[in-house]
Amino acid sequence: MKIKSLTGKWQLKESGKANFLTAEVPGCVHTDLLSAGRIEDPFYRDNEKKILWIAESDWEYERDFVISPEFLSFERILLCCRGLDTLTTIYLNGEKIAQTDNMYRSWEFDVKGVLRPGNNIIKIYFTSPMSYLLEKDKEFFLPAWSVGEHRLHGAGWLRKQPSNFGWDWGPMLVTMGIWKDIELIAFNQGRISEVKINQRHKGDGMVDLKVAMSLEKLISDELKGEIIFSLDNEIVFKSDLSFINDCVEIEFTIPDPKLWWPNGMGEQALYDLIINLYNRIGQKIDSDQRKIGLRKLELIREDDQWGQSFKFAVNGIEFFAKGANWIPADAFITRVSGDDYHRLLGDVAAANMNMLRVWGGGIYENDIFYEICDELGICIWQDFMFACGTYPSFDNDFMANVKVEAEQNVKRIRHHASLALWCGNNEIEQGIAGDKWDSEKIQMPWSDYKKLFDELLADIVAKHDPGTDYWPGSPHSPIGDRNNFYNSCCGDAHVWDIWHGKKPFEWYKNCEHRFNSEFGFQSFPELKTVYNYTLAKDRNISSYIMEEHQRSGIGNTTIIQYMLDWFRLPTSFDNQLWLSQILQGLGVKYAVEHWRRGMPRGMGTLYWQLNDNWPGASWSSIDYYGRWKAVHYMAKKFYAPVLLSLLEDLKHYTVEIHISNDKRKDLQGEVFWKLTDLSGKSIISDHFLVNIKAQQDNLLKTLDFKKYLEKYGKQNLLLYSELKLGGEIVSDNFLSFAKPKHLDLVQPGIEYEIEKICDKKYKLQFTAVKPALWVWLEVAGIDARFSDNFFHLYPGRKIDIILEINQNLTVPLLREKIMIRSLVDTY
Ligand code: BMA
């Protein structure tokens, strides 16, 4: 097989205009216009508004390329477009090859008859998605949520990233372009067209692997091949293959399998599967290589005392899913590099997460995303790309288009060890499926809903990936009235009573669902990030520009409302941003700790949302530039495998000490707790040895503070607790009886030592004379990663922090740049 890549430099122009500019493929019109200096940074201030015309126009990409007579002599030559966004007409040497209408599909066209030796010209015309949608809207209006100033209507007709039209955390930047690789492939005799792997984990611990391989065969004679299955370069199984027909299936047993485990549960062993195809004279003509993790990953739904479970199990071990929801990592998805995927997913693993949900308003992610998830043990809940609106499932062309899209993506992703679940859509069962088509209620009938989500997609998963479970929508209630999408007895739930419903954080304590696939709270990004999209005059949270970068209609008022509940309203802009992050962290922590204590009734929490696709206020825990918000540091702690949490009962003056243990073994440890006044003076403390049962929550003790609360008053007491395993603190927590705003904290007198570990890496040890809450560190002007941040200090407690920066500073210079603040500095 020969491949001729057509990526790289192309020419691009707006249809009807004369001037071409240089385009980069993969890429999109916006990023090319940006590189050419024709538009300003769309993320800066309100520039986004000035460039809506881009998607209202048609665009033309073209390039030439040279084809050798040798290339042309191959029997079959295909033009492969791995991703076109979205409505295109393709011309090769002036001849129309095809039209495309789905950004999620990969396209192959036979072009042997059109290519010629020497110079060739390919042109791809992109039709404006906006004018197309305007037309389709007239044909049949598809109701959808939140359409308005910041979200365009009609996206349901087009198989294109829904959030590209604007969302409540991202810009309205409707892209067009060749967004994935484009190439010519040429081959003789045959090529590998499909590889399907089936794992059977047997009672005796062995694993049977069935590998079915299909060829696109151009000859009727037999073709030879070979399959090699190895681990760390040691061959575990090898066999010759003979393709008399188009398909061969081979089955073999791995007697002593090294299993793949999610993050925190064990190693991520990945075997190499190689399939080679040879021609008649023994030359390799095609090959397929992929990494395979041996594991059984399933959704367990069985009747129990609460209704029906919703929990994942790996290799027969049930586990609590800890993670977040993933959105496309840039409004211009072609800008997301391999390094970006590595960094973001590394941050996911570092926060002790074991699952991400690839949310249905984005994209089926790139291969590299799933490869890294395999390596890091991050299980993937994979939505099909349908979200928050109605879809024309009554239209046969639409359904045929979706069918190919779904088949291709299922076949592309199914072999990944990390794949845990296929899910039909986001939130369409949350009130959008109803009695009939209804624009006012924003509804489509269940009958049409079912065609797409109960039948088409379910059938495709059953046929092409029977080893992975299918779930029709998130949320979905499998028992009883399906309209009751918030059923706490079964299914998954999106818990938005906090934030959208404005209920207090404490309300989480009343809320028991089987799996919390969405819940969350917004915050602002830190000042460094805000600097990137504002002028000095914009730096007030209610300025026009700050509100432009806040896409939730209730956003800033909701942040401030909750902030007033918990904290003193800071007067400086900088502190408002930081405190919004602490507030967000507090809310998400409240929820996760509660739900982890409630296991096994609820067996998962995926907060909304991990990342951002532009800089602005949102529910993310990592901002657009990769900066960890407070909640991401907190996630590392509230998702720790062994978590100590404190549950207050202010009516009865008690506090329960819990340890949620996700480990598969019982543990022995020691718990320490201490009650102090606001000056840090110890009032009472204790420590005791504990036996911590595996894979469950352990209520260790209920402490009664009535006496102390009456004597000192709730505003004057702080409670700290720590868990030691093997002499080392593995989890710690803090509780105040009054809301933090009512604590008359004083300047804590924080001291620290710095020790340089190696270049760009330092150890800092912190102590304080008085209690310091949510101590946060910055290195002035430098992006830093701390092993912990937003931690609590009290007299007698030393906290070691590892600091990594991308510069090599001397200790004195670093000391000059370290900035330390804590809650009292927001007063
Ligand atoms: C959810 C998501 C998104 C949205 C988020 C915040 O339910 O599915 O649609 O961004 O809420 O409103």
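As the structure lists them, so they are numbered: ligands from 1, and atoms in each ligand from 1. Everything numeric here is computed off the predicted structure, so don't read it as measured data. Basis for what follows: all heavy atoms, side chains included, without hydrogens, waters or symmetry-related copies. For this chain, numbers begin at 1 and follow the sequence in order.
In the vicinity of W169, heavy-atom distances shorter than 4.0 Å reach the ligand 1 atoms 10 (O). Atoms of ligand 1 lying under 4.0 Å from at least one heavy atom of W619, given by number and element, are 6 (C), 12 (O). Ligand 1 places these atoms under 4.0 Å from at least one heavy atom of N426: 8 (O), 9 (O). If you number the atoms of ligand 1 from 1 as listed, the ones under 4.0 Å from a heavy atom of W359 come out as 2 (C), 8 (O), 9 (O).
Closest protein heavy atom to atom 7 (O) of ligand 1: E427 OE2, 2.1 Å. Here the heavy atom of the protein found nearest to atom 5 (C) of ligand 1 is W608 NE1, 3.6 Å. Annotation: atom 3 (C) of ligand 1 to nearest protein heavy atom, W167 NE1, 3.5 Å. Here the protein heavy atom with the shortest distance to atom 10 (O) of ligand 1 is D168 OD1, 2.5 Å. Regarding atom 1 (C) of ligand 1, its nearest protein heavy-atom neighbour is E518 OE1, 2.6 Å.
For F43 and Y624, the gap between ring centers is short of 6.0 Å.
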- Tell me, with the steps shown, if R514 and D492 meet salt bridge (charged side-chain N to carboxylate O under 4.0 Å, His left out). CA-CA 6 Å; R514 309 313 305 267; D492 69 320; over 6 Å; no
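Rounding to the nearest 0.5 Å places CG of L158 at 5.5 Å from CZ of F165.
No side-chain heavy atom of D612 sits less than 4.5 Å from a side-chain heavy atom of Y625. At least one side-chain heavy atom of M399 sits less than 4.5 Å from a side-chain heavy atom of L452.
Put simply, part of W496 is less than 4.0 Å from ligand 1, judged by heavy atoms. Proximity of H500 to ligand 1 is established by a heavy-atom distance of less than 4.0 Å.
Residue E548 is tested with K50, R45, K49 for a salt bridge (Lys or Arg N to Asp or Glu O under 4.0 Å); the sole match is K49.
At a heavy-atom cutoff of 4.0 Å, ligand 1 is contacted by the side chain of C388 but not by its backbone.
Taking 4.0 Å as the cut-off between side-chain N and carboxylate O, D168 and R551 do not count as a salt-bridged pair. Under the 4.0 Å criterion applied to side-chain N and carboxylate O atoms, K589 and E593 are assigned as salt-bridge partners.
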